[in-house]
Amino acid sequence: MRTATLGPAQRAESLAAMAERELDVLVVGAGVVGAGTALDAVTRGLSVGLVEARDWASGTSSRSSKLIHGGLRYLEMLDFALVREALKERGLLLERLAPHLVKPVPFLYPLQHKGWERLYAGSGVALYDAMSMARGHGRGLPMHRHLSRGRALRVAPALKKDALVGALQYYDAQVDDARFVATLVRTAAAYGAQVANHARVTSFLREGERVVGARVQDVEAGGEYEVRAKQVVNASGVWTDDTQSMVGERGQFHVRASKGIHLVVPKDRIHSSTGLILRTEKSVLFVIPWGRHWIIGTTDTDWDLDKAHPAASSADIDYLLEHVNAVLSVPLTRDDVEGVYAGLRPLLAGESDATSKLSREHTVAHPVPGLVVVAGGKYTTYRVMAKDAVDEAVHGLDLRVADSVTEETPLLGAEGYHALWNARARIAARTGLHVVRVEHLLNRYGAMAEEILQLIADDPSLGAPLQAADDYLRAEVVYAASHEGARHLDDVLTRRTRISIETFDRGTRSAREAAELMAPVLGWDKNQIEREVQHYEKRVEAERESQRQPDDLTADAARLGAPDIAAR
């Protein structure tokens, strides 16, 4: 199918088209749930608009643990329905919907007690595998296995010998969360949805009690649009309560934010061929393979400060280092940390004050006519949340609407991916790129890698890597601006690529080169290039300063020292 190009011209056209005639559905918020909702609605034949105040996935959906998983620990809570649902979605993503983006990842669970723990934990992992296979979507992953201490240490030599008496190894899956959302948005656009990022809803349009659309401010070019829609879906995550306040309704539930932080360290700092899952006194800790790096996380603490830029404090970083060092033979220090990021989980508030005990389930409500709210849930089950939200919206439409088809609708780049992967050596020979570069492109763009290869064919200089971030090609920066809706340097270095967390300089050494590559696509002059670079450098310094602060309050104040970049 034809892919969607999300460049500056298409964004302007989409905003104008949304305001031109009444939509069936307007989705507010382009995290994974909002993007998934737009895709679900448009593939049912509805006319759809999607608006996002900042960038695709700029909130929670770019700051997760990057896992697509059933939630092994929810088995211990006896939440079988949630695990069963998530395992089905994991299988669909791995095998059918996004095999180019979602990949298997092994985890080692060290056992610390002889006898009973192996039986207890082994039974849980066996049930996890059995539930996956029972859904018919688990055959793409190896089954779990029991390891002696000696075999476990051969798989993960970084572990202290006295940190385990044996181990279990099982498989889950991982994804670049922000790239996945950008692909969801482009897929929705390819099927006819009108999409625009950096387009903020300032108020809802009302006719009596009914919501009939929204006023949308173009944050980039200025101006305001009245977008009318038969149904509006609020998919704004941790901003749900704020968005609900625009209609004077908090709704039937309350969303609380739980902060989770992650550290990124180079691959050579932890000698292991597998990820790790460790039990802590509060939750679990993951050590996740991530290309040439490891991601270590996460924390789970209440957060009621700035939602746009949650800050990691020095105490948060110390907590993760302390817990991972408890099992490592060579401990990590602050100097080993390349990147730090913090995200907020939108949890449905319950009776418990402990965020780790709040519900990961989702809910959908219709608080006033014309407005549907979807909240809670987890990244892995975004498709189910989206389907439920559209089902609810359909009740308010005076027309017959088809059932959801997203279970059978691959994302852009999935179709043809396996064939191109098999031909990667031939593609490398044809393009002059090393086969490792071709694999990198295929695992980030799938069959759409051909579009990047065409950019390189037209301008061979784009086939070179970025000087200070050589995992990424210069063409990827251009493509982010021309095809993926990137409007600012931050969008590229933080979400279209992961340079901001994968380099010790946090992307500052790549900033100018990237800005100069984006400039011709976005029409930037030298002054705008300078503004983008300076803003990015200030953002990185503010984040570094926040990570030196002792607690949430001081970290939040330090992070707010670098506001978002404004339009020209």
Side-chain angles (χ1 to χ4, degrees), residues 1-6 66 68 93-106 140 173-184 186-187 190 266-267 273 288-293 410-484 486 492-493 495-499 501-503 507 510 513-514 517-518 521:
M1 61 174 288
R2 180 180 64 86
T3 67
T5 300
L6 304 184
K66 324 294 186 214
I68 298 293
L93 289 164
L94 274 166
E95 297 168 16
R96 182 186 302 166
L97 304 184
H100 55 313
L101 301 174
V102 180
K103 304 293 178 183
V105 61
Q174 70 177 168
V175 69
D176 183 329
D177 48 8
R179 171 144 302 285
F180 185 89
V181 174
T183 307
L184 266 180
R186 288 187 68 193
T187 307
K267 199 65 176 279
S273 61
I288 305 162
W290 182 252
R292 295 202 292 174
H293 318 269
L411 302 194
L412 288 182
E415 195 171 332
Y417 161 71
H418 291 299
L420 289 172
W421 180 259
N422 292 341
R424 62 194 184 278
R426 199 167 69 242
I427 295 170
R430 168 171 60 86
T431 60
L433 293 175
H434 193 284
V435 69
V436 171
R437 297 286 186 194
V438 175
E439 291 174 350
H440 163 88
L441 294 176
L442 288 172
N443 284 330
R444 284 170 53 75
Y445 307 94
M448 290 188 294
E450 294 282 9
E451 296 177 345
I452 292 183
L453 295 175
Q454 186 58 52
L455 287 178
I456 295 169
D458 294 341
D459 179 357
S461 72
L462 297 180
L466 292 169
Q467 291 180 13
D470 65 359
D471 280 352
Y472 299 95
L473 300 179
R474 288 161 56 86
E476 295 182 77
V477 175
V478 174
Y479 188 80
S482 64
H483 285 68
E484 297 181 328
V492 171
L493 297 182
R495 286 172 291 278
R496 303 305 184 281
T497 71
R498 293 309 189 144
I499 294 169
I501 59 170
E502 291 176 348
T503 58
S510 300
E513 183 181 6
L517 288 165
M518 296 171 70
V521 180

*Whether R496 side chain and E484 backbone form a donor-acceptor pair below 3.5 Å*: yes

*Can you tell if the side chain of R186 reaches within under 4.5 Å of the side chain of M448, non-hydrogen atoms only?*
yes

*Given the rule in the side chain to side chain contact (heavy atoms under 4.5 Å, CB included) test, do T431 and I456 qualify, once you have shown the distances and angles that lead to the verdict?*
CA-CA 9 Å; T431 60; I456 295 169; over 6 Å; no

_Minimum heavy-atom separation for A428 and H434, please, with both atom names._
CB-C, 4.2 Å

*Sort out for me which residue in V436, I427, L420, I452 forms a side chain to side chain contact (heavy atoms under 4.5 Å, CB included) with L441.*
I452

*Going from CZ on R444 to CG on L101, what distance comes out if it is rounded to the nearest 0.5 angstrom?*
9.5 Å

*In chain order, what residues pass the ring pair (Phe, Tyr, Trp, His ring centres under 6.0 Å) check against Y479, with sequence neighbours excluded?*
Y445, H483

*Looking only at non-hydrogen atoms, find the nearest pair between A449 and L442 and report the distance.*
CB-CD2, 4.1 Å

*Could you tell me which non-hydrogen atom of T187 sits nearest to which non-hydrogen atom of L412, and how far apart they are?*
OG1-N, 3.0 Å

*Between the side chain of R424 and the main-chain N/O of V435, is any donor-acceptor distance below 3.5 Å?*
no

*Would E476 and T497 count as having a side-chain donor-acceptor pair, cut-off 3.5 Å?*
no

*For P99 and L94, work out which heavy atoms get closest and say how close.*
CB-O, 3.3 Å

*Does the H100 side chain pair with the main chain of G416, one donor and one acceptor, at a distance under 3.5 Å?*
no

*Whether H440 and Y472 hold their rings parallel, tilted or perpendicular, with breakpoints at 30° and 60°*: perpendicular

*Run the numbers on R498 and R179 for side chain to side chain contact (heavy atoms under 4.5 Å, CB included), then give the verdict.*
CA-CA 10 Å; R498 293 309 189 144; R179 171 144 302 285; over 6 Å; no

*Taking every non-hydrogen atom, the tightest pair across S273 and P106*: O-CG, 4.2 Å

_For a 4.5 angstrom cut-off between non-hydrogen side-chain atoms, does L517 reach L462?_
yes

_Within the structure provided, determine whether L453 and E450 are in side-chain contact (heavy-atom separation under 4.5 Å)._
yes

_Where I499 and S510 come nearest, the two heavy atoms and their spacing_ = CG2-OG, 4.1 Å

*asked:* Just by distance, no angles: are the side chains of W290 and E502 close enough, under 3.5 Å, to form a donor-acceptor pair?
replied: yes

*asked:* Tell me which one of V105, V102, I68 satisfies side chain to side chain contact (heavy atoms under 4.5 Å, CB included) with Q174.
replied: V105

*Any side-chain heavy-atom pair from D177 and K66 closer than 4.5 angstrom?*
yes

